[in-house]
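Working notes, beginning with the structure itself.
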Amino acid sequence: MFSAIFKMALTSLKNRKMRTFLAMLGVVIGVTSVTALIAIGQGAAGDITSRINSMGTNLIVFSAMQDADKIRQDDIDALKSSGPFLDIIPIIQGQVNAESGSRSVRTSLEGVTPEHAEVRQLNVTSGRFIRSIDVEQRLRVCVVGTELATELFGNTDVVGRQVQIEGLPFLIVGILEGKGQSLMGSQDNRVLIPMTYAQTITGSKTSSTWYASASSEAEVNNAVSMIESMLKKRVGEDNYNVYSQSEMLKMAGDVTGIMTAMLGGIAAISLLVGGIGIMNIMLVSVVERTREIGIRKAIGARRAHILLQFLAESVLITVIGGLVGMALGALLSALMGSILGVSSSFSVGTAGLALGFSMAIGLIFGLYPAAKASRMMPVEALRYE
Amino acid sequence: MIEMDKITKIYDMGEEEVRALNGINLSIQEGEFISITGASGSGKSTLMNIIGCLDKPTGGSYRLDGSEVAELGDRELADIRGRKIGFIFQGFNLLPTLTALENVALPLVYQGVGGSGERKQRAKEALEQVGLGDRMRHLPSQLSGGQQQRVAIARALVTKPSIILADEPTGNLDSKTGAELLELFTKLNKQGHTLILITHELNIARHAKRRIRIMDGRIVSDKGVGA
Ligand SMILES: Nc1ncnc2c1ncn2[C@@H]1O[C@H](COP(=O)(O)OP(=O)(O)OP(=O)(O)O)[C@@H](O)[C@H]1O
Ligand SMILES: [Mg+2]
């Protein structure tokens with residue numbers, strides 16, 4: 001009997017192809033958008049996490065918000081020699097114009113020392129990294145990212161060529177390994193120059209940000225408290241920030257969590273609209289089929305039979321539409337991921353949730369009018385034109 | 001088995017009320033063959049709908065096989081409509097999207113008759129009984145009025161109900177098929193089915209053992225009781 005009723009539901013959907021298609025479309029769009037947007041959100045979160053991880057292991061970033069000049073090289077050296085540190089390197093950063101011939105590119109400049117290569121996992125694919133002698137003698141050499149090289153020269157075969165940075169000529173000695181796009185922008189549009197020269201170009205005498213690497217994971221907390229006590233002494237309470245990698249991961253996780261929830265929320269609205277679409281069509285369909293319900297009741301259909309039939313119809317619409325939506329969502333998230341340059345992580349769980357939600361809406365609102373019609377006396381339903 | 005006492009059906013049309021049935025007292029035994037005649041609008045269909053448990057009377061008591069119909073729940077009424085009664089409607093009431101065979105098999109689905117093979121077989125037999133064995137795969141829209149009428153009859157017969165109610169069953173048939181149908185009804189009655197049919201054709205009414213006339217919602221003559 002179940003299979004017979006199910007077959008009738010299928011037939012009645014086939015007999016109303018356009019309507020079935022439209023009802024299904026709402027579910028397809030809803031499930032697709034939820035699946036795709038959440039996949040993108042989670043993918044982006046994964047990107048940010050792996051980017052933080054790629055900055056180096058056991059990394060601690062600290063900065064002074066004011067009075068950075070009160071932190072002397074002696075303080076840094078004292079920390080360095082105190083045990084839990086592998087290295088501590090200053091960072092000088094700024095936005096500069098890089099030019100070659102008539103081309104000019106806005107790029108981010110970083111002053112580095114040879115230690116940066118290891119602590120921040122910066123590798124060169126051709127040429128070499130900045131060396132100690134470059135730093136000591138303040139040589140005008142630089143390492144450029146692949147995107148910057150391409151924008152300036154049209155290719156990445158640029159070791160040995162010259163680039164003008166804020167009007168000063170620099171010799172390109174190396175090309176950085178590509179790190180790809182991230183939501184925070186390209187990581188390949190940058191130029192690294194010796195730390196000592198960066199101070200001249202950006203105009204800041206001292207660094208206000210340092211990267212420190214702890215000698216082991218177990219030493220991270222110890223290292224953080226040593227940095228904090230030094231900073232407290234020099235710039236005072238509340239005037240500094242210290243982040244260990246795990247803290248940065250947590251912060252990033254919070255931010256991307258909010259982002260994913262927002263994307264999911266927007267998508268859920270389209271799902272709701274899809275659900276309302278089903279409801280609308282089920283309502284019309286049930287009213288239109290009052291007479292059919294009357295006939296079925298007149299020849300012995302119980303209320304449960306009628307409800308079961310409409311239930312089967314909404315379930316069919318939502319399940320088929322939902323499966324199509326899941327497939328499209330997986331496809332779309334992969335597509336959007338490659339366009340936006342983030343990885344996407346399709347999850348069957350979210351897709352299933354979206355499917356269940358639209359199904360519930362279809363059922364609830366489809367069942368109500370069906371229940372109403374199934375309660376009528378057959379003559380009343382039969383009289384309906 | 002059918003006992004009606006002071007049955008009324010009143011349609012409240014706002015200012016005025018229509019008394020479609022105005023105090024029907026009727027008792028019908030198992031195996032009777034009854035015709036109901038009367039002018040258009042006299043209340044024949046209304047009475048038939050109440051007998052078939054498709055409608056509820058406004059007042060009075062209707063007992064079917066000893067139970068008071070007004071006290072039955074939806075599920076029991078559905079089962080009575082499905083098993084006990086075969087209803088042939090004035091306007092056929094076939095489902096337009098189902099084939100003749102599927103229409104006829106439908107009551108068996110709701111009765112919970114096992115496999116689709118068995119349902120098809122029984123539906124086929126019912127269609128052959130009304131001479132439509134060669135039109136089983138047709139949709140109602142692909143059938144003539146008389147053929148649709150016969151599909152509706154086959155649907156009423158398929159469950160082998162103890163009571164068959166027919167509202168103008170020969171209205172759309174030529175005299176030859178009408179006569180064949182009458183023969184079928186007579187045969188069914190001989191097999192023990194109770195038969196109640198509404199008609200305005202006197203030669204059909206004449207075949208019934210008991211003849212009831214209705215006027216303005218009342219029974220004005222009842223001939224052949226117990227014959
Ligand atoms: N739903 C309704 N609302 C109001 N009045 C109705 C309704 N149904 C029937 N009536 C009235 O009840 C009376 C009896 O109708 P009924 O259909 O029983 O007549 P009938 O004897 O079957 O006529 P016919 O031979 O034309 O089929 C008619 O006057 C009709 O107008
Ligand atoms: Mg009538």
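Computed from a prediction, not measured in an experiment: that's the story for all the values here.
- Not a single donor-acceptor pair under 3.5 Å links the side chain of Y11(B) to the backbone N or O of E17(B).
- Here the side chain of K9(B) pairs a donor or acceptor atom with the backbone of K56(B) at under 3.5 angstrom.
- The candidate with the highest count of non-hydrogen atom pairs below 4.5 Å against chain A, out of L95(B), T159(B), I85(B), is L95(B).
- Among E292(A), E380(A), R303(A), the residue with the largest count of heavy-atom pairs under 4.5 Å with chain B is R303(A).
- For the set M8(A), R375(A), H305(A), the count of heavy-atom pairs under 4.5 angstrom toward chain B peaks at H305(A).
- Surrounding CD of E30(B) are at most 12 heavy atoms belonging to other residues, nucleotides or ligands under 6.0 Å away.
- Of the possible polar contacts, one joining the R150(B) side chain to the V130(B) backbone as a donor-acceptor pair under 3.5 Å is found.
- One N or O on the side chain of R119(B) and one on the backbone of G114(B) form a donor-acceptor pair closer than 3.5 Å.
- Contacts of R291(A) with chain B are made by side-chain atoms alone, with heavy-atom separations under 4.5 Å and no backbone atom involved.
- Looking at L94(B), only its backbone comes within 4.5 Å of chain A, counting heavy atoms on both sides.
- When heavy atoms are compared at a cutoff of 4.5 Å, K84(B) does not approach chain A at all.
- Comparing K7(A), K14(A), R302(A) by how many heavy-atom pairs each has under 4.5 Å with chain B, the most go to R302(A).
- Between chain B and the residues G294(A), A381(A), A298(A), S374(A), the largest count of heavy-atom pairs under 4.5 Å involves A298(A).
- For R383(A), the part lying near chain B is the side chain, with the backbone staying farther off; criterion is any non-hydrogen pair under 4.5 Å.
- Heavy atoms only, all atoms of each residue included: N25(B) and K6(B) are closest at OD1-N, 2.6 Å.
- Note: L106(B) leads N49(B), L106(B), I80(B) in heavy-atom pairs under 4.5 Å with chain A.
- With respect to chain A, the highest number of heavy-atom pairs below 4.5 Å among L108(B), V109(B), L77(B) belongs to V109(B).
- In summary, the side chains of E125(B) and Q129(B) do not present any donor paired with an acceptor at a separation below 3.5 Å, with no hydrogens or angles considered.
- Considering every non-hydrogen atom in both A126(B) and V104(B), the closest pair reads CB-CG1, 4.1 Å.
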